[in-house]
Amino acid sequence: MLDIKLVRENPEAIKLGLRAKKDNTDIDKLLALDSERREAISKVEKLKNKQNAASKEIAKAKRNGEDASTILAEMKEISQSVAKLATRREELDTELNNQLLHIPNPPHSSVPQGISEEDNPVVRVWSDKPSYDFELKDHVDIAEALGIYDFKRGAKLSGSGFILQRGQGARLTRALISYCLDHHTLKHGFEEIGAPFVVRPEVMVGTCQLPKFKEDMYALPDDNLYLIPTAEVPVTNIYREEVLPEEVLPKKMCGYTPCFRREAGSHGKDTRGMKRVHQFDKVEMVKLVKPETSYQELESLTLQAEEILQSLGLHYRVIELCTGDLSFGAAKCYDIELWSPGAQAWLEVSSCSNFEDFQARRANIKFKPATGGKPQFVHTLNGSGVAMPRLIIALLETYQQADGTVKIPEVLQPYMGGVGQLG
RNA sequence: GGAGGAAUGGCAGAGUGGCCGAAUGCGUCGGUUUUGAAAACCGAUGUACCUUUGCGGGUACCGUGGGUUCAAAUCCUACUUCCUCCGCCA
C-alpha cells in the first residue's frame with residue numbers, strides 16, 4: 001500500500017511511477033479525498049474535545065451533588081453532531097483506504113523503462129543450449145510414455161489443469177521439493193516453514209492478492225477462507241501486526257506448499273501439459289529485512305534460486321522485468337527462465353521480487369531499531385526456489401534420451417532412492 | 001458439535017459507568033550513591049492519527065466489530081482466540 005504522506009509530498013514522482021506501471025489512478029482526486037478526510041478528522045476531534053471537557057464538568061457536578069441538567073441537555077445535542085461527523089469521517093477513511101489498496105507499488109528507480117515483456121532485458125545466461133542427435137519430444141509425450149503424469153485422469157478427477165502424478169513422477173516431485181528445501185535450509189540457513197494452505201481474507205490483503213485479484217483465488221465461502229496461490233502468502237504474513245526486534249532481521253524463511261490458482265484471466269493459454277495448471281507444488285523463499293539492505297538481499301535471493309538450477313545442470317537465463325511488466329506489488333523483480341528443449345521456449349520458473357514496504361504496510365509488519373526510535377516497516381522479498389511443474393518440464397526435456405528414458409542428475413539421485421533414470 | 005471459563009501496557013496483575021491511558025509489582029533505560037558491581041533511592045518507559053515552523057496541543061486505542069449512554073476497560077450484543085470438561089475423529 002502506498003504511504004499517503006509520501007503521495008502528499010511527492011505527487012509528481014508517484015504519478016510518473018504509476019504511469020510507468022500502466023496504472024491510471026487519478027492522484028489529484030486521491031489527494032482531494034485525503035484533504036477532505038483530514039478536515040473531517042479535525043472537525044470531529046475538536047468537537048470530541050469539547051465533549052470530553054463537558055463530561056468532566058458533569059462528573060464534577062454530580063460528585064458535588066449539584067444539578068447538571070442544563071449542561072446535560074446541551075451535551076445531548078453535541079453528542080448527536082459528533083455521531084454524524086464521525087460517520088462521515090469513517091466513510092472518507094474507508095474510501096481512501098479502498099482506493100489505496102488498489103494502487104500498485106511504483107517501480108524502483110533502477111528498473112528499466114518498458115511497455116511489455118518484449119522490453120525485459122536479459123541480465124545473464126547460464127550455460128549453453130543442449131544439443132541432441134535424435135528427434136526431441138516435449139514433456140507431455142515423455143511423461144505419458146513413461147506413465148508418470150496422467151493428464152486425462154487428473155482432468156477426470158478435478159477438471160482440466162489438474163495433474164495426477166504417479167509412481168516415479170510423484171516421487172520426482174517429492175525429491176525435488178526435498179532437494180530445494182535442503183538447499184535453502186542447510187546451505188543458506190533459511191528456517192523451514194510448514195504453513196497452512198488456507199488463510200483468512202486479511203492475510204490475502206497483506207500480500208496484495210485481495211482485494212484486486214480476488215477472481216484469481218479459490219475461495220471457501222462457508223468458512224471465509226481462501227486457498228493460497230503461493231507460500232508467499234502465509235509465510236510473509238507470519239509476523240503481520242507485529243513489531244520485531246531489529247536483531248532478528250534479516251528473517252529468512254522458506255516453505256513448501258501446493259499453490260492453487262484459478263488462472264481466471266488465462267483461459268485457453270498453455271493448455272497442453274503442465275506448463276500452466278490450477279494446482280502445483282512450489283518451494284518459496286521469503287525474507288523480511290531492513291530497508292537499507294533490501295536491494296542486496298534481492299540479488300542474493302535470485303542467486304540462491306539460480307544455484308538450484310545450476311546444480312541440476314540446466315540452461316537458464318535471468319531477465320529483469322521492465323516497468324510495464326512488473327507485477328502490482330513489486331518495486332523490482334527478476335524472473336528466472338529455464339530452457340525447454342522440447343518446446344524450444346523459455347519457461348518462467350522463478351520470480352524474485354522486492355516489495356520494499358508495500359506489503360509490510362498492508363500487513364503492518366514493523367521492526368524496532370536497536371538504537372531506539374520509532375518502529376518502522378520492514379522490507380519484504382520473496383522468490384520461488386523453485387516451482388515444480390516447469391522445473392520438471394525442463395528436466396524431462398533436457399535429460400531425455402533416444403530410447404524414451406530420462407536421466408536423473410546426479411545430485412538428485414540420493415533423493416530418488418538411488419535411481420539413475422526414469423523408465 | 002455440546003457445556004462452562006477467560007482475554008487489560010514488554011510481562012504479571014488491579015480496576016463493575018464519570019476524578020482511568022489506566023493502580024501496584026516486575027522488567028527495561030537514565031541518574032544519585034559506590035574503587036567497581038549489587039542493593040537502595042530518584043526519574044523515565046506504548047502505538048496510530050490530526051494539528052503546529054517549532055515548543056506544544058488534541059483524538060483514538062483495555063481481544064475485534066456493533067449497540068446503550070451526556071459519558072464505557074466497566075453495561076448489552078455478535079464474532080475471534082485461548083483454557084477446562086463431554087462427544088466425535090486422522
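In the text below, chain A, chain B and the rest are named by the order of the sequence lines, each starting its count at 1. Because only heavy atoms are used, hydrogens play no part in the values below, and waters and symmetry mates are left out as well, while side chains stay in.
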Using a cut-off of 4.0 Å on non-hydrogen atoms, how would the nucleic acid contact of [X] be classed: base, sugar-phosphate, or nothing?
| X | result |
| --- | --- |
| A:Lys43 | nothing |
| A:Lys46 | nothing |
| A:Arg89 | nothing |
| A:Arg361 | nothing |
| A:Lys50 | nothing |
| A:Ser55 | base |
| A:Leu72 | base |

[N] and [M]: how far apart are their [atom1] atoms, nearest whole angstrom?
| N | M | atom1 | answer |
| --- | --- | --- | --- |
| B:C62 | B:G2 | P | 30 Å |
| B:C83 | B:G17 | C1' | 30 Å |
| B:A22 | B:G46 | P | 11 Å |
| B:A7 | B:A14 | C1' | 15 Å |
| B:G58 | B:U77 | P | 36 Å |

- Message: Pairing check on B:A60: which nucleotide meets the Watson-Crick or G-U wobble criteria with it, both distances under 3.5 Å?
- Response: B:U47
- Item | Under 3.5 Å on both distances, the Watson-Crick or G-U partner of B:U16 |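 Because no pair has both required distances under 3.5 Å, B:U16 counts as unpaired.
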- Choose from B:U51, B:U81, B:G18 the nucleotide whose nearest atom is closest to any side-chain atom of A:Lys62. B:G18
- Whole angstrom is fine here: how far is it from CD1 in A:Ile365 over to C1' in B:A48? 17 Å
- Message: Using whole Å, what does the distance between atom P of nucleotide B:C70 and atom NZ of A:Lys48 come to?
- Response: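 Rounded to whole Å, this separation is 15 Å.
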- Message: Against the six-membered ring of A:Phe377, is A:Lys366 placed for a cation-pi contact (under 6.0 Å from the centre, within 45° of the normal)?
- Response: yes
- Task: Identify which one of A:Arg362, A:His379, A:Met1 satisfies the side chain to side chain contact (heavy atoms under 4.5 Å, CB included) criterion when paired with A:Asp357.
- Result: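 Result: among A:Arg362, A:His379, A:Met1, A:His379 is the only option passing the side chain to side chain contact (heavy atoms under 4.5 Å, CB included) with A:Asp357.
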- Task: Would you mind telling me which of A:Arg262, A:Glu263, A:Met204 makes a side chain to side chain contact (heavy atoms under 4.5 Å, CB included) with A:Pro229?
- Result: A:Met204
- Message: Under 3.5 Å, is there a donor on one side chain and an acceptor on the other for A:His188 and A:Glu307?
- Response: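 Yes, side-chain donor-acceptor contact under 3.5 Å.
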- Below 4.0 Å: OP1/OP2 of B:U47 and any side-chain N or O of A:Lys368: yes
